[in-house]
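Structure first, then comments.
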Amino acid sequence: MKAAVLRAYGGPENIQITDLPEPVPKPGQVLVRLLSTTVNSGDARMRAMDVPAGMALPFRLVMGWHRPRQPILGTEGAGVVVACGDGADRFRVGQAVVVFPGGRMGSHAELITIPQDGKIIAKPSRLSMQEAACMMFGGLTALDFLRRKAGLRRGEHVLITGATGTVGSAGVQIAGILGAVVTGVASAGNLATLKDLGAETCIDYRLGPIALPLRPYDVILDCAGTLPYPQAKRLLAPGGRLIRVWAELAEMITAPLIGRRAGHRVIAGVSAEKREDMLTLAEWAEAGLYRPLIDSVTPFADIAKAHRLASTGHKRGSAVVEFAVPQTPA
């Protein structure tokens with residue numbers, strides 16, 4: 001199989017397409033031929049070892065000091081089951097599926113094995129293979145932070161920065177599904193897209209903090225990293241929750257204490273990756289309520305181009321990478 005391999009941390013040029021042996025599913029595993037995957041902000045940051053302040057040492061200790069222990073990046077993808085290991089009977093050969101290896105990574109390859117009771121579900125029929133491939137990274141992050149960690153309730157007002165990025169665009173839709181009133185912040189060129197996603201109020205981020213209405217907000221989902229608590233405080237209602245998707249180590253440690261005197265709660269850290277949430281997103285997709293936003297589709301041979309886009313911090317939705325469909329012998 002062909003795989004995009006990272007041999008050393010650095011720029012997109014460090015990603016090399018390499019031929020590797022095809023994996024063989026172990027008992028209880030399924031083998032999936034991926035047709036689409038993504039390069040998201042997590043992949044780009046891992047490639048460059050661009051991590052929040054204070055996190056470089058623990059990241060290198062866990063992931064690898066000079067190069068990643070797992071050289072194949074990629075947290076999500078969609079494809080077709082091509083083989084099942086002994087005892088793996090939940091999926092059938094030929095079935096279209098969505099996989100989310102998450103922190104285990106490995107989806108920047110034509111083939112991937114995954115436990116049948118792991119993060120793999122049937123592909124929603126209303127989504128294309130490309131859309132299905134990018135439904136989980138942003139969707140799982142936004143869903144966990146908004147519903148589980150912040151306890152978002154119907155009728156609450158939500159402010160989302162970076163609202164047309166991968167996490168932000170998912171967050172706008174999910175907040176709306178949960179019954180919240182959404183204000184989104186994005187670039188002027190993306191405000192129409194933001195409106196289509198379901199935001200009631202759309203704000204050009206270049207106008208700065210003066211453009212943010214003092215509503216105040218019950219929940220702020222800061223996907224852009226532009227609203228630390230001292231700046232967000234004036235925008236939060238009593239009992240308001242600030243979610244910092246991208247936070248430094250010091251903020252993660254002190255988050256439970258920040259804002260307590262003012263009756264606020266700061267949420268920072270890593271989101272959970274739960275199969276039950278994958279099923280929730282799939283259910284919403286089947287109902288026509290959730291559709292991931294795609295910035296671009298790049299051939300797998302040009303995956304470095306998708307890495308460059310993800311590194312800009314200005315992509316709209318997901319950078320999808322498409323594998324070549326294997327040719328069937330005549």
Side-chain angles (χ1 to χ4, degrees), residues 3-18 20-21 23 26 29 37-77 99-109 112-115 118-120 136-138 140-142 144-145 148-149 162 165-167 222-225 228-229 242-258 266-275 277-278 303-304 306-308 310-313 319 321:
V5 174
L6 178 65
R7 298 300 187 191
Y9 299 120
E13 67 278 2
N14 285 15
I15 298 290
Q16 301 294 323
I17 304 295
T18 305
L20 296 176
K26 298 177 181 178
Q29 290 185 336
T37 184
T38 67
V39 176
N40 55 51
S41 57
D43 297 312
R45 289 167 180 157
M46 175 61 66
R47 185 206 72 239
M49 192 45 70
D50 176 19
V51 298
M55 295 295 291
L57 177 59
F59 258 72
R60 286 182 184 270
L61 289 173
V62 173
M63 301 298 181
W65 194 259
H66 297 292
R67 56 185 178 273
R69 293 188 179 92
Q70 163 56 294
I72 303 173
L73 305 182
T75 62
E76 61 183 342
V99 299
F100 188 76
R104 189 172 69 91
M105 298 181 290
S107 69
H108 290 173
I112 188 172
T113 57
I114 194 162
K119 299 181 185 72
I120 174 173
M136 294 301 173
F137 179 79
L140 291 177
T141 301
D144 182 60
F145 276 130
R148 187 174 291 111
K149 289 185 169 65
T166 303
V167 177
D222 179 25
C223 302
Y229 181 69
L242 168 65
I243 303 168
R244 293 275 286 162
V245 175
W246 179 252
E248 298 179 355
L249 178 61
E251 189 173 8
M252 294 183 192
I253 294 172
T254 60
L257 303 176
I258 300 174
V266 177
I267 301 165
V270 180
S271 63
E273 302 171 352
K274 295 181 178 291
R275 186 174 185 274
D277 288 347
M278 293 178 68
I303 191 172
H307 269 273
R308 283 190 285 273
S311 293
T312 66
V321 174

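Count residues from 1 along the sequence. Hydrogens, waters and symmetry mates play no part in the numbers below; they use all other heavy atoms, side chains included.
- Atom OH of Y9 is separated from atom CG of D50 by 13.0 Å, given to the nearest 0.5 angstrom.
- Under the side-chain hydrogen bond (donor to acceptor under 3.5 Å, both in side chains) criterion, Y229 pairs with H264, sequence neighbours left out.
- Contacts of S311 classified as side-chain hydrogen bond (donor to acceptor under 3.5 Å, both in side chains), with partners at least two apart in sequence or in another chain: R47.
- Atoms CD1 and NZ, from I267 and K149 in turn, are 8.5 Å apart once rounded to the nearest 0.5 Å.
- Between R244 atom CZ and C223 atom SG the span is 11.0 Å, to the nearest 0.5 Å.
- Separation of atoms CE (M136) and CD (E273) is listed at 11.5 Å; rounding is to 0.5 Å.
- With sequence neighbours left out, A319 forms a side chain to side chain contact (heavy atoms under 4.5 Å, CB included) with S296, A306, L309, K315.
- For M278 against L140, the heavy-atom pair with the smallest separation is N-CD2, 3.7 Å.
- Partners of K274 under the side chain to side chain contact (heavy atoms under 4.5 Å, CB included) rule, at least two apart in sequence or in another chain, are R148, A272, E276, D277.
- Taking NE2 of H307 as the start and CG of L6 as the end, the distance is 7.5 Å to the nearest 0.5 Å.
- Not counting sequence neighbours, P256 has no partner by the side chain to side chain contact (heavy atoms under 4.5 Å, CB included) test.
- Identified under the side chain to side chain donor-acceptor pair (under 3.5 Å) test for residues 65-76, with sequence neighbours left out: T38-E76, N40-T75.
- Residues passing the side-chain hydrogen bond (donor to acceptor under 3.5 Å, both in side chains) test with K119, sequence neighbours excluded: none.
- Between the side chain of R275 and the main chain of I120, a donor-acceptor pair closer than 3.5 Å is present.
- Closest of all the heavy-atom pairs between P12 and R308 is CG-CG, 3.3 Å.
- Residues passing the side chain to side chain contact (heavy atoms under 4.5 Å, CB included) test with P101, sequence neighbours excluded: V99, R104, S107, I112.
- Distance CG/L20 to CD1/I72: 5.5 Å, rounded to 0.5 Å.
- Contact detail for D144 and S271: the closest heavy-atom pair is OD2-CA, 3.4 Å.
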